Amino acid sequence: MPARTAWVSYAATLGALLPLPVLFYDFWTGQLGANPLQRAEQQTGLLALVLLLLSLACTPLRLLASRLGTRLLWPARVRKTLGLTGALYALVHLGIYLLDRGPGLLDFLQDALKRPYITVGLTALLLLIPLVLTSRKDSVRKMGFVRWQALHRLTYLVGALGVLHFWWSVKKDHTESLMAAGVLLVLFALRFLKKTPQLKKQQEEKKFL
Amino acid sequence: APSKKIYQGPYDTSEPMSALEDITGYNNYYEFGVEKSDPARNAGKLKTRPWSVVIDGMVKKPQTVDIDTLQSWFPLEDRLYRMRCVEGWSLVIPWMGFPLAALLRRIEPTSKARYVKFTALADPKQMPGVKAGVLDWPYVEGLRLDEAMHPLTLLAVGLEGKILPNQNGAPLRLVVPWKYGFKNIKAITRITLTDKQPTTTWSLIAPDEYGFYANVNPKVDHPRWSQATERRIGELARRPTLPFNGYAEEVAHLYKGMDLRRYF
């Protein structure tokens, strides 16, 4: 990566991770309001969804830029950071949910099957596991680009399940979940932008790495 | 200063009162926004005087009465009640008000009256949530006449001996402590006696999730979450939810023979 965009990567890592210690600090100092566990649960859930949507925005951004004749390299680099931190927040989100419910693994499993919004949320989290495990530097080479890419298209499914989970967990006002759904749809639509010949060539080359 | 009021009446809970900042800062009052902190922020400008309440329908003495006159008719009582929200949290709140039964006896329902319907203020100029939509305004709630006549059912005008803060439903709100909080309609402008079960706001929005009765019941879950436990605001661990919010001894007889799963 050219040196002049290297900072984007660091900024993304820092920006994505910073809310976590801030949340812990606010929790510890009683600044999360009257219902702190619920608030922390909602915030980590929202962070997970936003970061996953941002990671999904990276490739369309690169495609758009290439249509406009600019070759961007940094989106591909921050994509992994955004995806991994999104998965981290999803995990913390589940942890807070479990803490909120109190002990009883059997009850939790029953709940997970009985309540669609939990089923959907948990499915999304489970689908993130293979994506996290294949996010190592050498994963693409080991799996082959085509297989790796096919697997990582799951991110769209995770995003869709995440939006549905968000929608069902809200009592009324669906403004935020609607916005998330809209963003996801736009990103998905952008994937069908025609690739420029230059970009196509790039990707063909990658397949044979 | 800490409360010096003593709550030892027959209907008072012996549980400790919730923090006043939670009672007045953590509210569901969609007329002022959907966030818990919105009502405290937005309700301050609501004009609660002058305020008139229309009493109509199947009553012998229909009338429009000023709120100050209305509350001067009855001695005001302090009541420390549990309040359980359908979302799974609860508070212990020191209401001040008078039994709805006292008002009903005064206005004399006719022999045909079976239900009491309550209508709240819906003023888009004063209420940003009304302007934004979200629910079908005005907010409407209702009780069966025998529920309305129960001595626990209160019309509140105050909190901890002082005038009711706007975010808690000033100048007049309903308090039915054995039902989920959304039954406790705020900023009441109209009380109507009727022979038909009123269509209530939340049961209209999501009939499979919010029923007319809305009795607190740990055994009947909300379709999307369990009602078995609740978080008392201020505590970290959840506690078991009690049938009829702990008021079963007083009110369970009202629902004898009813299938509470069906009439949730």
Side-chain angles (χ1 to χ4, degrees), chain A residues 23-24 26-43 45-46 93-122 161 163-179, chain B residues 18-41 85-91 128-129 132-136 139 180-182 201-202 204-206 208-210 221-240:
Chain A
L23 199 64
F24 271 107
D26 283 350
F27 185 80
W28 217 248
T29 51
Q31 295 181 73
L32 287 184
N35 204 343
L37 268 184
Q38 194 189 44
R39 177 90 168 270
E41 190 181 285
Q42 289 166 350
Q43 302 233 323
L46 193 62
H93 177 65
L94 174 69
I96 296 171
Y97 172 74
L98 290 176
L99 199 69
D100 183 31
R101 299 194 73 252
L105 189 68
L106 201 70
D107 284 352
F108 165 67
L109 291 175
Q110 257 173 2
D111 248 18
L113 291 175
K114 197 166 141 193
R115 304 189 194 289
Y117 87 100
I118 300 176
T119 319
V120 163
L122 197 64
L161 292 173
V163 169
L164 193 61
H165 170 72
F166 189 23
W167 180 284
W168 280 343
S169 68
V170 174
K171 190 164 146 210
K172 182 63 190 129
D173 188 34
H174 292 298
T175 319
E176 284 179 346
S177 43
L178 260 177
M179 276 162 59
Chain B
S18 295
L20 207 56
E21 59 171 52
D22 290 338
I23 296 172
T24 58
Y26 192 75
N27 308 103
N28 272 331
Y29 194 170
Y30 282 16
E31 282 88 337
F32 291 102
V34 294
E35 297 294 328
K36 298 285 187 289
S37 52
D38 285 342
R41 195 168 43 231
C85 178
V86 75
E87 297 165 353
W89 53 268
S90 60
L91 288 163
V134 187
L135 295 178
D136 288 334
Y139 199 93
Y180 292 118
F182 67 85
T201 296
W202 277 102
L204 192 69
I205 294 282
D208 58 325
E209 299 190 351
Y210 309 100
D221 286 343
H222 185 279
R224 287 183 284 148
W225 57 82
S226 162
Q227 295 289 26
T229 63
E230 70 199 54
R231 164 160 301 110
R232 179 67 48 82
I233 295 300
E235 297 175 356
L236 215 49
R238 298 177 76 91
R239 57 167 70 204

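Note that these values count all heavy atoms, side chains included, but never hydrogens, waters or copies made by symmetry. In this text the structure is predicted, and so the values were computed from the model without any measurement. Proteins come first, then strands; the chains are lettered A, B, ... in the order of their sequence lines, and each starts at number 1.
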Chemist: Is chain A contacted by the side chain of Tyr210(B), its backbone, both, or neither, given a heavy-atom distance below 4.5 Å?
Modeler: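 Side chain of Tyr210(B) only, per the 4.5 Å heavy-atom cut-off to chain A.
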Chemist: At under 4.5 Å between heavy atoms, what parts of residues 226-233 of chain B are in contact with chain A? List them by residue number.
Modeler: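 Result: Ser226(B), Arg231(B), Ile233(B).
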Chemist: What is the distance from atom CG of Asn35(A) to atom CD of Glu87(B), rounded to the nearest 0.5 Å?
Modeler: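 Rounded to the nearest 0.5 Å, the CG-CD separation comes to 9.0 Å.
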Chemist: Just wondering, more than 12 heavy atoms not from Glu21(B) lying within 6.0 Å of its CD?
Modeler: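 No, because the 6.0 Å sphere around CD of Glu21(B) holds 12 heavy atoms or fewer from other groups.
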Chemist: In terms of heavy-atom proximity below 4.5 Å to chain B, should Thr175(A) be classed as side chain, backbone, both, or neither?
Modeler: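 Thr175(A) has no heavy atom closer than 4.5 Å to chain B.
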Chemist: Between Arg238(B) (side chain only) and Arg101(A) (backbone N and O only), is there a donor and an acceptor less than 3.5 Å apart?
Modeler: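 No, the answer is negative, given that no donor and acceptor are paired below the 3.5 Å cut-off.
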Chemist: Testing the basics here: between Trp167(A) and Arg224(B), what is the closest heavy-atom pair and its distance to 0.1 Å?
Modeler: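 That would be O-NH1, 4.4 Å.
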Chemist: Can you measure from CD (Gln38(A)) to NZ (Lys36(B)) and round to the nearest 0.5 angstrom?
Modeler: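 NZ of Lys36(B) is found 6.0 Å from CD of Gln38(A).
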Chemist: For Trp202(B), is the NZ or CZ atom of Lys171(A) found under 6.0 angstrom from the centre of its six-membered ring and inside 45 degrees of the ring axis?
Modeler: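 Flagged: Lys171(A) positioned over aromatic ring of Trp202(B).
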Chemist: For chain B, which candidate among Asp100(A), Asp111(A), Ile118(A) shows the most heavy-atom pairs at distances under 4.5 Å?
Modeler: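 The option with the most such pairs is Asp100(A).
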Chemist: Which atoms of Val34(B) come close to chain A, meaning under 4.5 Å heavy atom to heavy atom: side chain ones, backbone ones, both, or neither?
Modeler: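 Val34(B) touches chain A through side-chain heavy atoms alone.
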Chemist: Heavy-atom distances under 4.5 Å only: say whether Leu236(B) touches chain A with side chain, backbone, both or neither.
Modeler: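 Backbone plus side chain of Leu236(B), per the 4.5 Å heavy-atom cut-off to chain A.
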